[in-house]
Structure formats: C-alpha cells, structure tokens
Amino acid sequence: MKKDQCIVVPVDGSETSIQAMDTALELAQATGAKINFLHCAYFDSSTDDDADSWLPESPVTEVVGDIMEDVRRVVKERLPNDINAAFAERIGDPATVIAEFAEQENAGLIVIGARGLSPVEGFLLGSVSQEVMETARCAVLIIKQKRQEEAFS
C-alpha cells in the first residue's frame, strides 16, 4: 500500500465493524496510510418523495441515529497520534456507495466487517461485504464474525 493512499472502513456500529476498525488502525500505523471511516444509510428525508412522508425533515443522523458520533468516540479512544483519520456519511446502496467512495478517495484497501452469513443466507439476504469485494477496484479485507465456539477458545 502506498503512503498517499487511504484505507476505507465502512462502519455501522456492529461488532465486526469495530473489529474492522481495529484492524485498519493497525494497518494504517504500519503503513502510514490515512483512514476514512464511512457510514452509509439506505435513505434519509431527501430520498423520500412522498408528501406525507414518515421521515423527519432532518439530516441523516436524526433518521438512523448518530452512529458516526459513536464511531468518532471509539476511534478517539484507540487512535494513535500519528494516524490521520476522517469521517464521512453517505446515502444509498451501501455496497455501491462503499466501492465508489473508495475509488474517489484513491483507497488502496477497504477493511469491512461481514455479518457471518452462510453462502445461502448471503445469496438470499444479500451480503454487502461480498458485493463490495466483487465491485471494488482496490483490495478488500473482510473481517469475519467469530463463531460462538471460537469466541470462547
């Protein structure tokens, strides 16, 4: 990974996204890369065209909760002084947004958490990490959720 590139870390508050964040922090410290933390929501008030919308007329943080505030707090607790980090929020299909954001930011790597779905569940429910891996133009590191039996060993 080149020093001028960055690592994109999609965050949603899940355990695997926190594990992805920790992994990205270690990699950034070793390589000197910048980290861009990205939260993506499917919708906000600007994506709803119904006159009787159930969505409030407010920023995305009021619709989906302030995940980025939690991420900023956790990052600040763990962030070494020599790592440059930025935070971004986007609206849209997460897999598409993540891949496009990584390309715009000249990312050399995306570090993303997986939900731990089986191949069948991923096919039926959709796997963001799988789709990102297939569409991104940079390397993708997928952090898998530990199975219960692995967590206690």
Side-chain angles (χ1 to χ4, degrees), residues 1-117 121-122 125-145:
M1 176 180 272
K2 297 175 184 174
K3 192 171 180 104
D4 63 336
Q5 288 183 324
C6 74
I7 300 170
V8 170
V9 183
V11 291
D12 62 6
S14 68
E15 181 60 34
T16 56
S17 77
I18 299 297
Q19 292 171 357
M21 178 189 70
D22 288 340
T23 300
L25 287 170
E26 289 177 29
L27 291 169
Q29 193 163 31
T31 63
K34 174 184 177 182
I35 299 181
N36 282 332
F37 295 98
L38 172 66
H39 177 256
C40 182
Y42 280 102
F43 53 83
D44 74 353
S45 58
S46 70
T47 61
D48 190 11
D49 59 2
D50 185 4
D52 297 320
S53 174
W54 58 273
L55 293 170
E57 297 210 16
S58 63
V60 67
T61 55
E62 292 182 29
V63 176
V64 298
D66 202 350
I67 291 173
M68 287 310 291
E69 271 308 307
D70 291 338
V71 169
R72 284 183 180 99
R73 181 184 46 75
V74 171
V75 167
K76 287 177 183 175
E77 292 170 0
R78 293 176 157 102
L79 187 66
N81 292 333
D82 58 342
I83 295 178
N84 184 7
F87 304 88
E89 292 179 284
R90 299 289 188 272
I91 302 299
D93 173 62
T96 302
V97 169
I98 292 165
E100 289 174 355
F101 182 80
E103 188 167 346
Q104 291 167 359
E105 296 297 316
N106 191 31
L109 177 66
I110 299 169
V111 181
I112 186 171
R115 290 187 291 176
L117 301 177
E121 290 169 325
L125 299 174
S127 170
V128 172
S129 59
Q130 178 71 29
E131 192 173 339
V132 168
M133 183 183 71
E134 292 173 2
T135 60
R137 293 186 177 184
C138 64
V140 178
L141 174 59
I142 299 175
I143 306 300
K144 290 176 52 174
Q145 184 176 21

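The first residue of the sequence shown is numbered 1, and numbering continues consecutively from there.
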Are any non-hydrogen side-chain atoms of [X] and [Y] less than 4.5 angstrom apart?
X	Y	answer
Thr23	Leu141	yes
Val11	Leu38	no
Ile112	Val128	yes
Cys138	Leu109	no

I need the minimum non-hydrogen distance between [X] and [Y], along with the two atoms involved.
X	Y	value
Ala24	Ile35	O-CD1, 3.5 Å
Cys6	Glu105	SG-O, 3.4 Å
Val140	Ala136	CG2-CB, 3.8 Å
Ile143	Ala20	CG1-CA, 3.8 Å
Thr135	Ala99	OG1-CB, 3.7 Å
Ser129	Ile142	O-CD1, 3.8 Å

Check: Thr16 side chain, Ala114 main-chain N or O, donor-acceptor pair, under 3.5 Å: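 A pair under 3.5 Å: yes.
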With rounding to the nearest 0.5 Å, note down the distance linking [atom1] in [X] to [atom2] in [Y].
X	Y	atom1	atom2	answer
Thr96	Arg90	OG1	CZ	14.0 Å
Leu79	Met21	CG	CE	9.5 Å
Glu15	Ile18	CD	CD1	7.0 Å
Asn36	Asn84	CG	CG	8.5 Å
Arg78	Leu25	CZ	CG	8.0 Å
Glu26	Ile83	CD	CD1	9.5 Å

Trace of the side chain to side chain contact (heavy atoms under 4.5 Å, CB included) decision for Ile7 with Ile110: CA-CA 6 Å; Ile7 300 170; Ile110 299 169; over 6 Å; no
Greater than 12 external heavy atoms within 6.0 Å of Arg137's CZ: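 Not buried by this count: 12 neighbours or fewer within 6.0 Å.
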Glu100 vs Gln104, side chain to side chain donor-acceptor pair (under 3.5 Å): CA-CA, chis, key distance, verdict: CA-CA 6 Å; Glu100 289 174 355; Gln104 291 167 359; 5.3 Å; no
